[in-house]
Amino acid sequence: MEHWMQELAACGERIDYACWDLYAAVSQWYEADERQKAARRQMRLDTLHAIEQGGNETGAIADRIATAVLRRHLETMLRLGIVYDFLPRESEILHLHFWDAAFRLMQETGVIYRETEGKNSGCWVMRRAGTTGPQGDGPDEEAKIIVRSNGTVTYVGKDIAYHLWKFNRLGLDFGYARFHRYPDGHECWISTTKGEEPHPLFGHASTIYNVIDSRQADPQNNVIEALKGMGLADAAQNYHHFSYEMVALTPRCAKELGYTVAPEDEARPYIEVSGRKGFGVKADDLIDKLIAAALAQVESRQPERPTAEREAIARTIAIGALRYYMLRYTRNAVIAFDFHEALSFEGETGPYTQYAAVRAANIFRKAGTTPEAALAAFAGLDAAQWFSGADGDELWALWLLAGKSALVLERAIETTEPAYLARHAFQLAQQFSNFYHRHHILTEADPARKTVLLATAAIARRELIRVLIWLGIDVPDAM
RNA sequence: GGGCGAGUAGCUCAACCGGAUAGAGCACCGGCCUUCUAAGCCGGGGGUUGUGGGUUCGACUCCCGCCUCGCCCGCCA
């Protein structure tokens with residue numbers, strides 16, 4: 001493996017990309033030969049068990065590779081402005097006996113029981129969420145297996161233990177080690193068996209939002225069901241599965257990427273991405289494309305700016321475009337990924353909202369004043385007259401919309417629906433664009449009216465920027 | 001078979017507890033750069049909200065049936 005990693009380094013290939021290809025190749029390999037299928041699947045099972053067990057060469061290799069990919073992952077996410085505080089690892093959940101403690105709790109409370117007959121005979125199972133339990137005399141065939149008959153723990157079992165830790169109901173804690181220091185000094189910690197002291201306090205959650213796609217609804221509900229069964233009603237109540245639909249590729253997009261699309265998939269609106277099939281778009285590739293597209297625009301629009309500044313602007317635009325694209329869809333809409341739409345900077349997009357904010361800033365710059373000064377001047381005015389009549393109503397509509405930001409935020413939180421904020425940002429930008437086209441502020445002859453217009457721009461700009469910050473979208477210096 | 005989600009303009013999506021003429025963007029057509037940046041603005045065409053019933057003064061929204069699509073239901077994670 002060392003040899004492989006050196007080889008990768010020598011030809012400049014990234015480990016995460018190499019693993020993306022390797023994972024797809026290996027997944028195919030499991031199924032490739034009908035006669036070898038069973039043996040190869042057994043090999044996978046044995047390997048996974050060895051990794052779980054730890055203290056062997058397979059485990060050491062897995063750790064090396066996983067850690068290397070993880071470091072790459074942090075770099076990718078940092079490009080989007082996303083940083084981590086703590087990376088809990090499944091291996092510690094087993095090695096630090098989180099599972100053993102959770103298992104005891106589940107047995108004591110009767111959540112889990114040993115099945116003695118039927119297809120799950122020999123397993124520890126729990127009643128699956130949303131089911132009524134055993135029908136008649138027979139065993140509960142719908143039950144969810146938590147411990148396999150060979151004694152290993154399923155994913156949901158480990159997840160239950162993990163969430164007991166999150167809620168501080170386990171009486172156990174991870175060891176903590178420093179893993180990564182971000183450029184701004186922020187530390188990211190990782191779980192380990194023997195940690196360092198002191199370390200920040202993790203866990204002890206009162207409320208949990210699990211941001212996991214909707215396909216995990218059943219496993220997530222089983223975790224909640226287990227918490228309820230253990231008498232942790234408050235924990236179950238404060239456990240939120242922030243469920244969202246998957247990102248898929250349109251057949252057109254798949255072909256653009258060079259994938260062969262099966263005839264039966266041709267007519268479908270979208271095709272599910274799959275790591276096992278090597279079918280998807282890598283985040284770094286998409287970000288690179290977005291930056292290149294933004295840079296081309298910035299170079300033609302801002303030719304006099306230094307290269308470094310242009311690149312910084314392009315990055316801000318690219319991230320704004322990507323964040324808005326991901327957030328504009330409501331959670332239960334499947335995002336049919338489309339390069340044309342993702343790379344678009346016009347219409348309902350992040351760059352449109354950024355552009356409006358940049359234009360607002362330029363108005364104040366050219367006016368030789370600041371939003372704060374404009375609002376202070378406005379405070380000394382008798383405002384009522386300016387908000388009457390058709391013209392005034394239109395101004396008032398913009399103020400009203402700007403004033404709704406906090407309300408929209410509350411609704412977005414209540415419904416765990418960030419798309420409301422994205423939409424609000426767009427509407428604000430749209431109404432502001434409309435406003436500054438209709439009223440030429442700098443050439444307004446009436447000083448009082450000019451003050452009103454500037455104050456309106458100040459409010460719209462302030463609220464737009466505020467909402468964009470909530471969405472994680474920055475406003476560039478120029479566009 | 002069971003569970004969850006979806007079906008709205010050519011395409012991608014909105015529509016808060018049931019409320020006024022179902023809204024945006026893209027695409028298309030036509031205008032607007034000697035005034036704060038045209039990543040923009042204005043105008044236009046485009047809808048039997050899958051379908052059949054029901055409830056209601058009022059239904060994209062609620063109830064029932066049906067059709068279509070996706071996901072989940074593994075001793076994988």
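Each chain gets a letter, A, B and so on, in the order the sequences are listed, and its residues count up from 1.
- Within the 4.0 Å cut-off from OP1 or OP2 of B:C41, not a single side-chain nitrogen or oxygen of A:Asn434 is found.
- One donor-acceptor pair, N or O on each side, does fall under 3.5 Å between the base of B:C75 and the side chain of A:Ser149.
- Residue-level contact check: A:Leu45 touches the backbone only, with heavy atoms under 4.0 Å from sugar-phosphate atoms and none from bases.
- Base pairing of B:C13: its partner is B:G23, meeting the Watson-Crick or G-U wobble criterion (both donor-acceptor distances under 3.5 Å).
- Contact annotation for A:Arg331: no contact, since no heavy-atom pair falls under 4.0 Å across all strands.
- The separation between A:Asp218 atom CG and B:C4 atom P is 11 Å, rounded to whole Å.
- The existence of a salt bridge linking A:Glu52 and A:Lys158 is confirmed by a sub-4.0 Å separation between a basic side-chain nitrogen and an acidic carboxylate oxygen.
- Shown here, B:C11 is classed anti by the O4'-C1'-N9-C4 or O4'-C1'-N1-C2 angle, which is more than 90° from 0.
- Of all nucleotides present, none satisfies the Watson-Crick or G-U wobble test against B:U55 with each distance under 3.5 Å.
- Relative to the ring axis of A:Phe242, A:Arg331 places its NZ or CZ within 45° and under 6.0 Å from the centre.
- As judged by a 4.0 angstrom heavy-atom cut-off over every strand, A:Val125 is placed among residues making no nucleic acid contact.
- For B:A77, neither phosphate oxygen OP1 nor OP2 lies less than 4.0 angstrom from any side-chain nitrogen or oxygen of A:Tyr155.
- Ring geometry, A:Tyr329 versus A:Tyr325: the interplanar angle exceeds 60°, so the pair is classed perpendicular (tilted spans 30 to 60°).
- Comparing A:Arg438 and A:Asn120 by the nucleotide of RNA chain B that holds the closest heavy atom to each, the one mapping nearer the 5' end is A:Arg438.
- Distance CE (A:Met246) to C1' (B:C72): 11 Å, rounded to an integer number of Å.
- Pairing partner, B:C28: B:G44, with both Watson-Crick or wobble hydrogen-bond distances short of 3.5 Å.
- Taking side-chain N and O atoms only, A:Arg148 has a distance below 4.0 Å to OP1 or OP2 of B:C76.
- Taking a pair to require two hydrogen-bonding distances under 3.5 Å in either a Watson-Crick or a G-U wobble arrangement, B:C33 remains unpaired.
- Aromatic ring orientation, A:Tyr162 versus A:Phe174: perpendicular (interplanar angle above 60°, classes split at 30° and 60°).
- Seen from the ring of A:Tyr30, A:Arg44 counts as a face-on cation partner, given the 6.0 Å and 45° thresholds.
- Applying the 4.0 Å criterion to OP1 and OP2 of B:C4, one finds that A:Arg215 has every side-chain N and O outside that range.
- Base contact: A:Ala478 has a heavy atom under 4.0 Å from a base atom.
- Contacts of A:Ala333 with the nucleic acid, taken as non-hydrogen atoms under 4.0 Å apart, involve only primed sugar atoms and P, OP1 or OP2.
- For B:C60, there is no paired base (Watson-Crick or G-U wobble, both distances below 3.5 Å).
- Atom name P, nucleotides B:U55 and B:C69: the rounded distance is 32 Å, in whole Å.
- Of the side-chain N and O atoms in A:Lys366, none sit less than 4.0 angstrom from OP1 or OP2 of B:U35.
- Using a 4.0 Å heavy-atom criterion, one finds that A:Phe426 contacts the sugar-phosphate atoms exclusively.
- Contact annotation: A:Tyr325 does not reach the phosphate of B:U12 (side-chain N/O to OP1 or OP2, under 4.0 Å).
- When heavy atoms are screened at a 4.0 angstrom cut-off, A:Glu414 is found touching no nucleic acid atom at all.
- Applying the 4.0 Å criterion to OP1 and OP2 of B:G5, one finds that A:Asn332 has every side-chain N and O outside that range.
- A straight line from CD of A:Gln216 to C1' of B:C73 spans 13 Å, rounded to a whole angstrom.
- When heavy atoms are screened at a 4.0 angstrom cut-off, A:Arg41 is found touching no nucleic acid atom at all.
- The partner of B:U8 is absent, by the rule that a Watson-Crick or G-U pair needs both atom distances under 3.5 Å.
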Under the criterion salt bridge (charged side-chain N to carboxylate O under 4.0 Å, His left out), I'd like the reasoning laid out for A:Arg438 against A:Glu394: C-alpha separation, chi angles, the key distance, then a yes or no. CA-CA 10 Å; A:Arg438 212 184 288 266; A:Glu394 184 205 304; 3.2 Å; yes
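- Taking side-chain N and O atoms only, A:Gln430 has a distance below 4.0 Å to OP1 or OP2 of B:G25.
- Nucleotides of RNA chain B nearest to A:Met479 and A:His340 differ in position, and the one nearer the 5' end is that of A:His340.
- Applying the 4.0 Å criterion to OP1 and OP2 of B:A39, one finds that A:Arg301 has a side-chain N or O inside that range.
- If you take OH of A:Tyr244 and P of B:G5, they are 18 Å apart, rounded to a whole angstrom.
- Between B:C26 and A:Tyr352, no contact under 4.0 Å exists linking OP1 or OP2 to a side-chain N or O.
- Ring-plane geometry between A:Tyr352 and A:Phe426 is classed as tilted, the angle between the planes lying from 30 to 60 degrees on a 0 to 90 degree scale.
- Remark: B:G1 base-pairs with B:C73; criterion is Watson-Crick or G-U wobble with both hydrogen-bond distances under 3.5 Å.
- Glycosidic conformation, B:C26: anti, with the torsion outside 90° of 0.
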